[in-house]
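Below: one structure, written as structure tokens.
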Amino acid sequence: MNEKHAFAKIPAVYVSYSHTLCAYSAFLIALVVGCYTHYDKIVQNEYFGYPQEWFPSVSATIGDRYPARALFQIMIALTAGPRFALVFLWYICTTISTRTCSKRTGKILLSVGLIRTIACAGWVFITSTDDHSVHDIAMVIYLICTLPWQLGVLYTAPSKATALKRRKILMTLFFGTLPPMIYFFLQHKVHRVPGAYTIYALFEWSLIFYDIAFDAVTSFDFERLELKVTYRDKINQEEKLVF
């Protein structure tokens with residue numbers, strides 16, 4: 001592959017940046033627009049409304065009302081490209097660039113990342129209003145895949161102290177948030193405690209931010225990688241895909 005035939009070079013770190021920007025923007029725009037246009041309706045649940053409940057859940061924010069739902073789905077669709085690119089780049093980074101894991105381990109983690117990404121699409125595009133069961137199943141699959149994904153990333157990541165420290169903190173925060181979140185959900189659903197769903201919603205939103213931040217740390221690992229669009233005069237038949 002001749003360097004003079006490279007039409008474009010894109011630092012791989014921009015994949016991480018664009019994923020982080022689009023993902024955060026999708027949720028924050030939906031939250032702001034949803035609260036501005038339908039605040040009373042999105043904080044309302046089956047038992048209580050404002051003022052007992054004063055903060056909306058993620059599902060109510062992204063899936064119940066226009067225009068918040070439409071804006072969210074547009075932004076999350078823009079996130080899909082960087083998301084798939086990030087998952088594939090992690091495979092390339094760890095199995096070919098830094099060689100911190102075997103190709104077999106890399107392919108297992110790649111599969112987990114792809115399943116997790118598709119499951120994410122399941123709960124963001126099929127909301128609880130559309131089909132509660134499908135939404136919940138996709139969410140459960142996503143959460144189940146998050147554990148091997150984050151552990152796998154920690155295990156295969158290059159030895160960078162700052163990145164490692166941030167990942168450990170974010171992973172601890174993510175899984176440490178699950179018990180109190182489940183507790184307050186049960187307080188709401190089973191015991192019908194006023195205000196419990198708002199506290200549950202705050203924990204739920206924090207999971208979103210920890211999750212996106214964890215993948216944002218890939219910007220440290222992609223610093224020396226770049227994507228190229230090239231033209232070759234001849235195709236070598238002996239060349240094979242890196243996979």
Side-chain angles (χ1 to χ4, degrees), residues 1 3 6 8-24 26 76 78-122 124 138 140-178 207-230 232 236 238-243:
M1 195 177 289
E3 186 68 22
K9 297 179 185 179
I10 304 173
V13 71
Y14 288 146
V15 170
S16 182
Y17 292 159
S18 59
H19 174 266
T20 305
L21 178 63
C22 289
Y24 274 136
I76 212 68
L78 293 175
T79 311
R83 179 67 211 173
F84 281 108
L86 186 149
V87 173
F88 278 104
L89 276 173
W90 188 257
Y91 171 83
I92 293 171
C93 176
T94 56
T95 62
I96 299 172
S97 177
T98 60
R99 297 185 179 182
T100 50
C101 73
S102 66
K103 286 196 174 183
R104 181 181 179 182
T105 301
K107 287 177 181 178
I108 293 173
L109 189 57
L110 174 64
S111 299
V112 171
L114 292 175
I115 293 170
R116 182 171 175 265
T117 300
I118 294 169
C120 179
V124 298
V140 170
I141 293 173
Y142 180 81
L143 289 173
I144 290 173
C145 287
T146 295
L147 179 60
W149 170 255
Q150 293 192 357
L151 284 174
V153 169
L154 278 174
Y155 173 74
T156 61
S159 300
K160 293 187 177 182
T162 302
L164 181 62
K165 181 180 178 180
R166 292 187 183 186
R167 285 193 174 104
K168 286 182 176 180
I169 291 172
L170 289 166
M171 185 176 177
T172 301
L173 288 171
F174 184 92
F175 288 102
T177 297
L178 289 175
L207 281 183
I208 298 293
F209 293 112
Y210 299 148
D211 192 11
I212 297 172
F214 183 90
D215 288 326
V217 181
T218 54
S219 60
F220 289 96
D221 308 292
F222 295 164
E223 286 177 335
R224 295 186 179 183
L225 300 179
E226 62 181 18
L227 306 176
K228 293 182 181 180
V229 178
T230 62
R232 292 182 291 176
N236 188 343
E238 296 181 356
E239 287 185 352
K240 296 180 180 180
L241 288 173
V242 295
F243 294 92

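Counting begins at 1 with the first residue of the sequence. Treat the numbers as computed from the prediction; the structure is a model and nothing was measured.
- Summarising the geometry, atom CG belonging to L78 is positioned 10.0 Å from atom CG belonging to L21; distances are rounded to the nearest 0.5 Å.
- When all heavy atoms are compared, the tightest approach of P148 to V112 is CG-CG1, 4.0 Å.
- Of all heavy-atom pairs spanning P158 and D221, the tightest one is CD-OD1, 3.3 Å.
- The main-chain N or O of K107 is never found under 3.5 Å from a side-chain atom of Y91 such that the two would form a donor-acceptor pair.
- Taking the side chain as every heavy atom from C-beta outward, L143 and F174 approach each other to under 4.5 Å.
- Taking every heavy atom of both residues into account, Y142 and A119 meet most closely at N-CB, 3.9 Å.
- Listed for the T98 side chain is a donor-acceptor partner under 3.5 Å among the backbone atoms of C93.
- Defined by atom type and a distance below 3.5 Å, a donor-acceptor pair is missing between the side-chain atoms of D215 and W90.
- Here the side chains of T105 and T94 are not in contact, with every heavy-atom distance at 4.5 Å or above.
- Rounding to the nearest 0.5 Å places NZ of K160 at 9.0 Å from CZ of R167.
- Here CD1 of I212 is found 7.0 Å from NE2 of H19. Values are rounded to the nearest 0.5 Å.
- Between the side chain of S16 and the main chain of A216, a donor-acceptor pair closer than 3.5 Å is present.
- Considering only heavy atoms from C-beta on, L114 comes within 4.5 Å of F84 through its side chain.
- Between the CZ atom in F220 and the CG atom in L164 there is a gap of 11.5 Å [rounded to 0.5 Å].
- Under a cut-off of 6.0 angstrom, the local environment of OH in Y14 is sparse, with at most 12 non-hydrogen atoms contributed by other residues, nucleotides or ligands.
- Remark: the backbone N or O of T100 is not paired with any side-chain donor or acceptor of T156 at under 3.5 angstrom.
- F175 places a side-chain heavy atom less than 4.5 Å from the side chain of L178.
- Looking at heavy atoms from C-beta onward, F214 lies out of side-chain contact with T146 at the 4.5 angstrom threshold.
- The one candidate from T20, L86, T218 that meets the side chain to side chain contact (heavy atoms under 4.5 Å, CB included) condition with V15 is L86.
- Distance CG/L110 to CZ/F88: 5.0 Å, rounded to 0.5 Å.
- With rounding to the nearest 0.5 angstrom, the CE atom of M171 is 11.5 Å from the CG atom of D211.
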